[in-house]
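Working notes, beginning with the structure itself.
Below, all heavy atoms of this structure are taken into account, side chains as well, without hydrogens, waters or symmetry copies. Only a predicted model underlies this, so the values are computations on that prediction, with no experimental measurement involved. Throughout, protein chains are lettered first and strands after them, A, B, ... in sequence-line order, and every chain is numbered starting at 1.
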2 protein chains.
Amino acid sequence: MKIAEGQQKFVQAWGTLGAQWGINRTMAQIHAVLFLSPESLTTDDIMERLGISRGNANMNLRALIDWGIVFKEFKPGERKEFFYTTKNTHQLARQVMKERRRREIEPVLSILEELSDVKDDGTKEGKEFVKVTKEMKAFVEEANHLAAFLSKAEKNWITGKLLKLLK
Amino acid sequence: MKIAEGQQKFVQAWGTLGAQWGINRTMAQIHAVLFLSPESLTTDDIMERLGISRGNANMNLRALIDWGIVFKEFKPGERKEFFYTTKNTHQLARQVMKERRRREIEPVLSILEELSDVKDDGTKEGKEFVKVTKEMKAFVEEANHLAAFLSKAEKNWITGKLLKLLK
DNA sequence: CAAAAGTTTCAAAAAAAATTGAAAGTATGG
DNA sequence: CCATACTTTCAATTTTTTTTGAAACTTTTG
C-alpha cells in the first residue's frame, strides 16, 4: 500500500471512530491529518487536504485547541498560524480523558449529588429511585476516580505495574 | 425534592450524557426510565413516560436489546412484551465496554493492522506515517487489552485490588 | 496610516440524524 | 380461520448538526 492511500484510510477511520464517540467527524479528521503530518500545518493546508471550507477548518481547529490536543505555533518570517498535535498517544488519551471528565462526568456527578436529597416517599418507585441512584452515584464516582488516576498516570506506570497486575 | 422531579432530572441527565458519547438521546432516556422503574415496562409505558411515538420506542428498545443492556420478558396471562434492564452498574458498564470494543475498537485495529503493510517510501511523510501509526497501533492494542480485562473483571476485583494499587 | 495578509464570525444552506404514524406483518385465542 | 392484540417497518417529515462563504475584524508591513 502506498503512503497516500494509507493516510487516506487512517484519516477516514479516525473520523468514523470520532463520530461514534460524539466528536464531530471533521474535527477528528483534522486531528488525524495533524497527527500524520511531520510538520505543523496552516489552515489552508487543512482546507486543501480535507476539502473543507475556511470557516469549518477554523472552527474545528479552535475546538481542538479548546480540548487541549492541538497547539498553535508561529514561525519566524511567516504571518500564518501553524498547527500541530502531540504524537504521544498516551498524552493524547490522558488529555481527552481529563476533558471529558471535566465537561461530562463532573456535571453528571453534581446531578447525582443533588438527587441524594430526594427523600424516599415510601412508594415502590421512591424506594427504587433512592436505591438505584445511590448505586449509580457510587459507580460514577469510582469510574471518575479511576479516570482521574489514569489521566495523571505515566505511561510506564500503565505498561508496567498495571499490565503486570492484569496477568 | 420529590421523587417525580428526581426521576425527570435523572432521565434528562442520562439522555444528555448519552448524546455526548454518541448514543442517541432517546435511547439513553429509555434506558434511564427502565433503570429507575421497579417493574418491567411495556412499549406503551415508555411511549407515555417519554412522550414519543410507537415507532421510535420500538426501534430504540430493539437497539438497547442489541447492545445487550435491555431484556424482554413475557408475563403469564399478558400478551404484551415487558422490558427491563440490569440494575447492576458494573455489569452495565462491562456490557457497554464489551460492545464498543467489538463494534468500534476492533474495526479500527483491523485498519491499523492493514496499515502496517504500508512501506516507508523514504519521504518525510512516509517515515512519519510508519512511525506514528505504529505507536498508535501499540496504544490502541494496549487500551483494548485493558478494556477486555475490565469487561471481564468482577466488581470486587476493581474495588479491591485495583483501587488498592492506585493509592 | 493604508493596503495587504490573515483570522473570526455567523446567518443561511445543506446534510445528517431522529422521529412520526400509518400500513403491513405476526402471533394468540376462541 | 377469523378477529383481535400487539409488533415491526419504513417513506415522509421534522429536528438537529454541520458546513459554507462572504463580510467584519485584526494584525502586520512598507
Under a 3.5 Å cutoff, is there a donor and acceptor pairing between the side chains of A:T86 and A:N88? no
Hydrogens and angles aside, do B:T42 and B:D45 bring a side-chain donor and acceptor to less than 3.5 Å of each other? yes
When the distance from [atom1] of [X] to [atom2] of [N] is rounded to whole Å, what number comes out?
X     : N      : atom1 : atom2 : answer
A:R54 : D:dT18 : CZ    : C1'   : 18 Å
A:F74 : D:dT28 : CZ    : C1'   : 12 Å
A:I23 : D:dT18 : CD1   : C1'   : 15 Å
A:M59 : D:dG21 : CE    : P     : 14 Å
B:K72 : D:dT7  : NZ    : P     : 9 Å
B:M47 : D:dC6  : CE    : P     : 13 Å
B:Q29 : C:dA18 : CD    : P     : 13 Å
B:N24 : D:dT16 : CG    : P     : 12 Å

Look up atom CE in A:M59 and atom CG in A:D66, then write down how far apart they are to the nearest 0.5 Å. 12.0 Å
Parallel, tilted or perpendicular, as decided by the 30° and 60° cut-offs, for the rings of B:W157 and B:F149: perpendicular
Check each of A:E106, A:E104, A:E99 against A:R102 using the side-chain hydrogen bond (donor to acceptor under 3.5 Å, both in side chains) test, and report the only one that passes. A:E99
Nearest listed nucleotide, side chain of [X], among [options]:
X     : options                : value
B:I52 : D:dT19, C:dT20, C:dT19 : C:dT20
B:N58 : C:dT19, D:dT20, D:dT7  : D:dT7
A:E81 : D:dT19, C:dT8, D:dT8   : C:dT8

Does OP1 or OP2 of C:dA18 have a side-chain N or O of B:N56 closer than 4.0 Å? no
Can you tell me if the side-chain N/O atoms of A:T26 get under 4.0 Å from OP1 or OP2 in D:dT19? yes
All N/O contacts under 3.5 Å from nucleotides 26-30 of chain C to the protein, with atom names and distances to one decimal?
{"unit_1": "C:dT28", "atom_1": "O2", "unit_2": "B:R79", "atom_2": "NH2", "d": "3.3"}

Hey, is NZ on B:K87 packed in by over 12 heavy atoms from elsewhere, all under 6.0 Å? yes
Is the count of non-hydrogen atoms from other residues, nucleotides or ligands lying under 6.0 Å from A:K119 atom NZ greater than 12? no
Look at all strands and tell whether B:R62 reaches a base, only sugar-phosphate, or nothing, counting heavy atoms closer than 4.0 Å. sugar-phosphate
